2 protein chains.
Amino acid sequence: MRADARRNYERLLTEAGVAFGEKGTEASLEDIAKAAGVGVGTLYRHFPTRQDLILAVLRDRFEAMATTARDLKCDDPGRALREWLLAQLHHITATRGLTAELAVAVNNPESPLHGQCETLFAVSADLLARAKETGAVRPDLTQADLATIVHGIAWSCESDSVRQERLLDLFLEGVLV
Amino acid sequence: MRADARRNYERLLTEAGVAFGEKGTEASLEDIAKAAGVGVGTLYRHFPTRQDLILAVLRDRFEAMATTARDLKCDDPGRALREWLLAQLHHITATRGLTAELAVAVNNPESPLHGQCETLFAVSADLLARAKETGAVRPDLTQADLATIVHGIAWSCESDSVRQERLLDLFLEGVLV
DNA sequence: GCGTAAGTGGAGGCTGCCTCCGTATATTTA
DNA sequence: TAAATATACGGAGGCAGCCTCCACTTACGC
């Protein structure tokens, strides 16, 4: 790839991240191209569809999440799982405007981003397995349950991290006495 | 209101419900007008903004929910609450394509639809209070918690009612052992 | 330096949004 | 029942964003 092409690619990615964060998935692509100092044609060559651009932006976020996952250290398996779920909430919230897309990527194996989730799945699987071993969580709990509820909470609480944490804890502790 | 106006109003509402269900909030208004056998001008007179049309469609759904709420009968307060939450999940799912709007209406007191929620709130408040009295749920649980989690689950499970029910039960029973 | 493969950018066709206003029709009045 | 009038209709038209296409420009290997 030529140097100018790479430069434009990066610029577009940056501006797209900003625009999607501010205006959601429907942000004007012409505006994004303009912000990146580039013509629409260039945008469309690098990212033939809006979806491609969204996915490219999300790829970066997955990286960040994987890094968080690797750095996660906690002895108590129950706590570790909770920390990981909270970290996920945090990242999903940071991916403002793309929450829905993220949920699709995680839940739908057809999604071209599904592969990117492998690292995250591995971390979840590991933490979940350990938590089950020590009897910290009910044995029928699945990764899918966790992924779904985390996205649901992230989506329904928008950017209110206090409520997110409360709902996560309600979920973990249970509501019926 | 003239008879023809009323007829067109109803037709538009019906077609809008169908279109939003099939294509989400972004469905083409011109197509909706066409489906209703009416010009765009007529659509815009009745519903000056897309939001107005969405809200009008939602008003109908609120009616349906309120009816369900009134018909709800169950002796055990814990079970009654669960039934009500399930019914809500069901209705939210039926309101395909408008889940996000519904969540806004419920969570945001500014929403012009917020008033419509009163009946539903009253039912929730009643069921929740009774469940607390009998000690069926933890005392710090709020209506807002329930509303938020129900919308989160409905959204994240799309139309998979089995998963919705499972997640609701996980929430109610708790996940940690 | 030069040739060319690779990349650029914006004009243009298309669709959907919303407004405006000339035309049509339901309802009232006589 | 027919005229008068208030009410409603509908589509043309201006605008914005989507995406394609291709004449022009530029980086880079020789």
Side-chain angles (χ1 to χ4, degrees), chain A residues 1-60 96-101 104 111-113, chain B residues 1-60 96-101 104 111-113:
Chain A
M1 190 184 236
R2 250 165 62 171
D4 54 347
R6 157 127 281 134
R7 198 169 47 242
N8 284 337
Y9 182 93
E10 300 296 348
R11 278 183 192 160
L12 282 166
L13 217 46
T14 306
E15 295 304 332
V18 173
F20 289 147
E22 283 171 2
K23 310 183 190 170
T25 334
E26 297 308 310
S28 157
L29 296 185
E30 314 228 307
D31 285 352
I32 291 175
K34 200 174 294 173
V38 138
V40 248
T42 301
L43 185 152
Y44 279 97
R45 190 159 347 82
H46 285 301
F47 309 99
T49 71
R50 177 182 292 273
Q51 195 65 3
D52 291 324
L53 183 52
I54 292 171
L55 295 184
V57 171
L58 281 179
R59 239 180 286 274
D60 282 2
R96 275 173 50 73
L98 299 178
T99 313
E101 288 301 328
V104 170
S111 162
L113 261 182
Chain B
M1 188 183 235
R2 247 166 64 170
D4 54 346
R6 157 124 283 133
R7 198 168 49 242
N8 285 336
Y9 182 94
E10 299 296 349
R11 279 183 191 161
L12 282 166
L13 217 46
T14 307
E15 295 304 332
V18 174
F20 289 149
E22 284 171 1
K23 310 182 190 171
T25 334
E26 297 309 309
S28 158
L29 296 185
E30 314 227 308
D31 285 352
I32 291 175
K34 200 174 292 172
V38 139
V40 250
T42 301
L43 184 150
Y44 278 97
R45 187 156 352 79
H46 286 301
F47 310 99
T49 69
R50 176 183 293 274
Q51 196 65 5
D52 291 324
L53 184 51
I54 292 172
L55 294 185
V57 170
L58 281 179
R59 239 179 286 274
D60 282 3
R96 276 173 52 73
L98 299 178
T99 313
E101 287 302 327
V104 170
S111 163
L113 262 182

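Here the structure is a predicted model, which means the values were calculated and not measured.
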| query | Under 4.5 Å between any side-chain heavy atoms of A/Phe47 and A/Leu13, yes or no? | reply | yes
| request: Examine D/dA8: is either OP1 or OP2 under 4.0 Å from a nitrogen or oxygen in the side chain of B/His46? Give yes or no. | output: no
| task | Please state whether the phosphate of D/dC18, meaning OP1 or OP2, lies under 4.0 angstrom from any side-chain nitrogen or oxygen of A/Ser28. | result | yes
N/O contacts under 3.5 Å, protein versus nucleotides 11-16 of chain D?
from	atom 1	to	atom 2	distance (Å)
D/dG11	O6	B/Gly41	N	3.4

For [X] and [N], what is the distance between atoms [atom1] and [atom2] respectively, to the nearest whole Å?
X       : N      : atom1 : atom2 : result
B/Asp52 : C/dC18 : CG    : C1'   : 13 Å
B/Leu43 : D/dC9  : CG    : P     : 11 Å
A/Lys34 : D/dC19 : NZ    : P     : 16 Å
A/Gln51 : D/dC19 : CD    : P     : 11 Å
B/Ile32 : D/dG10 : CD1   : P     : 16 Å

| Take atom CZ in A/Arg50; do more than 12 heavy atoms of anything else shown fall under 6.0 Å from it? | yes
| query | Got a sec: does the CZ of A/Arg6 have more than 12 other heavy atoms crowding it under 6.0 Å? | reply | no
| field | Residue whose nearest DNA chain C nucleotide is more 5′ - B/Leu29 or B/Met1 | value | B/Leu29
Any chance you could measure [X], atom [atom1], to [Y], atom [atom2], to the nearest 0.5 Å?
X       : Y       : atom1 : atom2 : result
A/His46 : A/Met1  : NE2   : CE    : 5.0 Å
A/Thr42 : A/Tyr9  : OG1   : OH    : 14.0 Å
A/Leu98 : A/Leu55 : CG    : CG    : 9.5 Å
A/Leu43 : A/Glu15 : CG    : CD    : 11.0 Å

| request: Describe the nucleic acid contact of B/Ala27 in one word from base, sugar-phosphate, nothing, applying a heavy-atom distance below 4.0 Å. | output: sugar-phosphate
| remark: Within residues 4-11 of chain B, those residues having any heavy atom closer than 4.0 Å to DNA chain D are B/Asp4, B/Ala5, B/Asn8
| query | Is a donor-acceptor contact shorter than 3.5 angstrom present between the side chain of A/Arg2 and the base of D/dT26? | reply | yes
| said: Using a 3.5 Å distance criterion without hydrogens, assess whether the side chain of A/Thr25 forms a donor-acceptor pair with backbone atoms of A/Phe20. | reply: no
| request: Apply side chain to side chain contact (heavy atoms under 4.5 Å, CB included) to B/Glu101 and B/Val57, showing your working. | output: CA-CA 11 Å; B/Glu101 287 302 327; B/Val57 170; over 6 Å; no
